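In what follows, a single structure is set out as structure tokens and then discussed.
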Number of protein chains: 2
Amino acid sequence: MANISMKMLAKELRLSVSTVSKVFTDSHEISEQTKEKVLALAKKLNYVPNPYASSLRKRQSKTIAVVLPEVADSFFSVAINGIESVAREKGYHVLIYLTHELLEREQAILTDFQSGRVDGVLISVSNETSTDQHITEMMQRGIPVVFFDRVCEETATTRITTNDRDSGYLAAQHLIEQGCKRIAYLTISESLSISRNRLTGCKQALAAHHLPFRDSDLVLCTDNEAENLAIIKALLEKKNGPDGIIASVEKLTAAVYLACKELKIAIPGKVKVISFSNQSTAPILNPSLTTITQPAFEMGKMAATVLFNSLRKTQAQLRSETIVVPSVLVTRESTGK
Amino acid sequence: MANISMKMLAKELRLSVSTVSKVFTDSHEISEQTKEKVLALAKKLNYVPNPYASSLRKRQSKTIAVVLPEVADSFFSVAINGIESVAREKGYHVLIYLTHELLEREQAILTDFQSGRVDGVLISVSNETSTDQHITEMMQRGIPVVFFDRVCEETATTRITTNDRDSGYLAAQHLIEQGCKRIAYLTISESLSISRNRLTGCKQALAAHHLPFRDSDLVLCTDNEAENLAIIKALLEKKNGPDGIIASVEKLTAAVYLACKELKIAIPGKVKVISFSNQSTAPILNPSLTTITQPAFEMGKMAATVLFNSLRKTQAQLRSETIVVPSVLVTRESTGK
DNA sequence: TTGAAAGCGCTAACAG
DNA sequence: CTGTTAGCGCTTTCAA
């Protein structure tokens with residue numbers, strides 16, 4: 001089942017391999033005649049160049065890696081679409097890797113990239129990622145990295161984020177405007193850039209309205225649905241429980257709704273809920289869910305575009321900057337008066 | 001920024017390249033001493049073998065492709081997790097390609113695989129895919145293919161599906177048991193294996209209960225949310241409209257809920273709804289949604305496992321068989337009495 | 001305009 | 001146990 005190679009094309013046409021090769025790069029030093037002959041035979045035999053031979057020789061793989069915490073989240077699903085759309089356009093291939101929120105796995109994955117397997121990396125870091133050593137190491141080896149969504153703010157490269165702080169502010173402000181006095185902020189990590197920034201905005205909004213934010217209003221959830229349900233039920237049952245909840249990641253929404261349902265707490269009557277979410281089901285939840293919706297597709301697209309631009313240039317250091325694609329607040333019933 | 005190679009390790013240690021190479025395959029013909037020396041230096045220099053050189057030489061890429069219609073659907077998101085989990089375990093890399101439901105793109109993607117870029121392919125076909133020529137061609141070139149979820153039933157290879165027909169039967173039967181007399185079946189394609197099979201089951205259930213299924217009860221939806229909303233509203237407003245709806249793919253759920261909301265049609269009072277869906281929000285919809293939930297993770301895992309098993313053997317023809325991972329009916333409020 | 005030759009980094013006979 | 005050699009399929013000087 002030997003695949004067809006340039007050598008075979010060359011032999012068949014009594015040409016040299018190098019001539020054939022030049023045809024495929026559309027070199028001007030080849031006559032139209034020969035080009036046509038070669039292309040015709042190539043099509044007839046269904047020839048496709050071996051990418052690995054080419055990669056080896058040219059020292060570039062025309063492949064990028066996308067490193068994600070997980071993909072069971074609508075944000076990343078949609079982001080992948082954005083990435084894939086520009087990769088395809090640029091003739092790049094996309095390898096996907098999941099860290100499952102494990103720093104160790106993230107490090108192992110990036111270490112592998114030292115091999116030259118990929119020309120660049122798009123990454124959204126795990127929530128365990130407190131050091132960026134594995135990332136800078138890769139960059140030193142000449143592999144450009146673009147962060148998206150969950151970024152390392154100290155790392156000297158381009159970051160694509162949404163306006164997390166402003167969105168946090170907006171979310172809290174919205175709840176306050178709707179009459180909330182005591183707002184709880186639900187998160188899955190205290191270290192993650194997005195969580196921290198959203199929280200900061202939230203606190204600023206509260207401060208601006210002379211409302212308190214106590215330590216107990218910051219609620220750390222987990223990866224486990226059942227646990228989260230218990231945590232949130234406990235929160236809601238406290239005598240001085242919140243009248244407004246901000247779910248800082250979409251996966252926490254279900255637990256909030258379920259907790260309220262089980263405790264027969266009315267949304268938005270007793271407690272108002274807003275969630276950072278891209279779920280298409282937000283409008284059909286009971287009640288429909290007010291969301292801060294991230295521009296997932298655009299962020300993916302932007303990240304990929306920035307990466308490819310730097311790949312085109314030989315010595316293009318990615319600038320240490322943050323590109324912000326704004327989120328949008330979609331008001332629905334869950335924060336109604 | 002020249003990467004470190006075996007040659008360098010060899011020179012540094014005054015060994016031959018082949019000796020170094022053998023160390024990395026853990027060959028028994030190398031002394032413990034040398035192994036240690038080499039490994040130590042490799043670790044120190046952060047050496048990672050060039051996968052493309054290796055692929056070129058060994059004629060295998062340790063990479064598989066996953067070809068999907070799209071990934072904005074929870075089924076595929078979760079399936080990717082299943083696939084990735086076993087790929088990682090087996091030391092394989094995963095390239096991802098999206099067809100966006102376009103046959104032409106699917107063909108172009110598979111054509112590229114003739115190059116030897118991947119050792120095997122996991123595919124869920126587009127809803128335009130009526131011919132399997134591009135797939136069999138690839139198989140003839142020695143690249144094994146495993147279908148999952150959306151399969152080509154005539155193609156001689158292994159297919160991982162869920163029990164679509166039985167699930168269709170179950171869905172309809174459930175509606176009937178709950179008192180429905182007139183059931184509409186919503187689909188996005190008449191050719192797709194999954195849609196056809198689910199429909200078949202549905203019809204069988206109706207027949208078994210001596211209930212009619214008219215042509216107009218088969219409702220073909222589109223890729224466009226707004227259009228679907230209009231289609232479903234039209235359906236519900238007909239004088240002899242359905243009292244039960246089966247949404248054969250999850251993306252149609254929102255349109256059904258929204259249509260009912262806009263028309264003030266009570267679920268489940270006036271019309272009962274069941275959906276083929278993996279959405280985690282099903283329990284918190286209004287009303288909570290009865291679903292046929294597909295074992296997405298398991299199907300992804302199974303597909304990958306079957307593929308890797310065939311990859312281990314040199315001449316392993318994949319058997320032309322269908323492996324069925326059953327779906328489960330989760331009864332919730334949307335089909336209550 | 002075409003071809004010969006070298007080599008990308010690794011593996012696999014085979015010889016020593 | 002280690003080394004020599006050839007070559008995977010392609011690109012890229014350089015020479016003709």
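As the structure is a computational prediction, the values presented were derived from the model and not from experiment. Lettering of chains follows the sequences in order, A, B, ..., and the numbering in each one begins at 1.
Remark: B:Q60 engages B:K58, B:K62, B:Y92, B:D119 in a side-chain contact (heavy atoms from CB on, under 4.5 Å) (not counting sequence neighbours). Scored by the ring-ring contact (aromatic ring centres under 6.0 Å, His included) test, A:Y52 finds B:Y52 as partners (sequence neighbours excluded). Listed by chain and number, the residues in a side-chain contact (heavy atoms from CB on, under 4.5 Å) with B:S320 are B:A156, B:R159 (sequence neighbours excluded). Judged as a side-chain contact (heavy atoms from CB on, under 4.5 Å), and not counting sequence neighbours, the contacts of B:E321 are B:T158, B:R319, B:I323. Among residues two or more places apart in sequence or in another chain, the ring-ring contact (aromatic ring centres under 6.0 Å, His included) test is passed with A:F297 by none.
For the OP1/OP2 pair of C:dT11 and a distance below 4.0 Å, the side-chain nitrogens and oxygens of B:R59 include no atom meeting the criterion. OP1 or OP2 of C:dC10 sits under 4.0 Å from a side-chain N or O of B:Y47.
Taking atom NZ of B:K58 as the reference point, atom P of C:dG9 lies 18 Å away to the nearest angstrom. Atom pair B:L56:CG and C:dG9:P shows a separation of 12 Å (rounding to whole Å applied). Spacing between atom CG of A:N50 and atom C1' of D:dC10 amounts to 8 Å, rounded to whole angstrom units. Going from atom CE of A:M6 over to atom C1' of C:dG3 covers 15 Å, rounded to whole Å. One interatomic measurement links the two molecules: CZ of A:F24 to P of D:dC10, which rounds to 9 Å at whole-angstrom precision. Note: OH (B:Y52) to C1' (C:dC8) measures 14 Å, nearest angstrom. Nucleotide C:dT2 holds its P atom 9 Å from the NZ atom of A:K22, rounded to whole Å. Rounded to whole Å, atom C1' of C:dC8 lies 13 Å from atom CD of A:Q60.
Base contact: B:S21 has a heavy atom under 4.0 Å from a base atom. As judged by a 4.0 angstrom heavy-atom cut-off over every strand, A:S18 is placed among the base-contacting residues.
Residues in residues 98-110 of chain B take part in these salt bridge (charged side-chain N to carboxylate O under 4.0 Å, His left out) pairs, two or more places apart or across chains: B:E101-B:R150. The ring pair (Phe, Tyr, Trp, His ring centres under 6.0 Å) pairs that include a residue from residues 122-160 of chain B number zero, where partners must be two or more places apart or lie in different chains. Judged as a side chain to side chain donor-acceptor pair (under 3.5 Å), the pairs with a partner in residues 10-24 of chain A (not counting sequence neighbours) are, in order, A:S16-A:S18, A:S16-A:T19, A:K22-A:E29.
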Donor-acceptor contacts under 3.5 Å from residues 76-84 of chain A side chains, at least two apart:
{"unit_1": "A:S77", "atom_1": "OG", "unit_2": "A:V71", "atom_2": "O", "d": "3.3"}
{"unit_1": "A:S77", "atom_1": "OG", "unit_2": "A:D73", "atom_2": "O", "d": "3.1"}
{"unit_1": "A:S77", "atom_1": "OG", "unit_2": "B:S77", "atom_2": "OG", "d": "2.9"}
{"unit_1": "A:N81", "atom_1": "ND2", "unit_2": "A:S77", "atom_2": "O", "d": "2.9"}
{"unit_1": "A:E84", "atom_1": "OE1", "unit_2": "B:H100", "atom_2": "NE2", "d": "3.3"}
{"unit_1": "A:E84", "atom_1": "OE2", "unit_2": "B:L98", "atom_2": "N", "d": "3.2"}

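Taking the six-membered ring for Trp and thresholds of 30 and 60 degrees, A:Y47 and A:F24 have ring planes inclined between 30 and 60 degrees apart.
Taking a 4.0 Å limit (strictly below) on heavy-atom distances, residues 27-41 of chain A reaches DNA chain C at A:E29, A:I30, A:S31, A:T34. Interface residues of residues 9-17 of chain A facing DNA chain C, ordered by number: A:R14, A:L15, A:S16; criterion, heavy-atom separation under 4.0 Å.
The CZ atom of A:R57 sits 12.5 Å away from the CG atom of B:L56 when rounded to the nearest 0.5 Å.
Picking from C:dA12, D:dC10, C:dT2 the nucleotide with the shortest atom distance to the side chain of A:P49 gives D:dC10. Closest to the side chain of B:A53, from the set C:dC10, C:dG3, D:dC10, is C:dC10.
Between the base of C:dG7 and the side chain of B:K7 there is no donor-acceptor pair shorter than 3.5 Å. Contact annotation: side chain of A:T25 to base of D:dT11, donor-acceptor pair absent below 3.5 Å.
The shortest side-chain heavy-atom distance between B:T111 and A:N46 falls under the 4.5 Å cut-off.
Helix bend of the helix from C:dT1-D:dA16 to C:dG16-D:dC1: the angle between its two end axes, each built from five pairs, comes to 40° after rounding to 10°.
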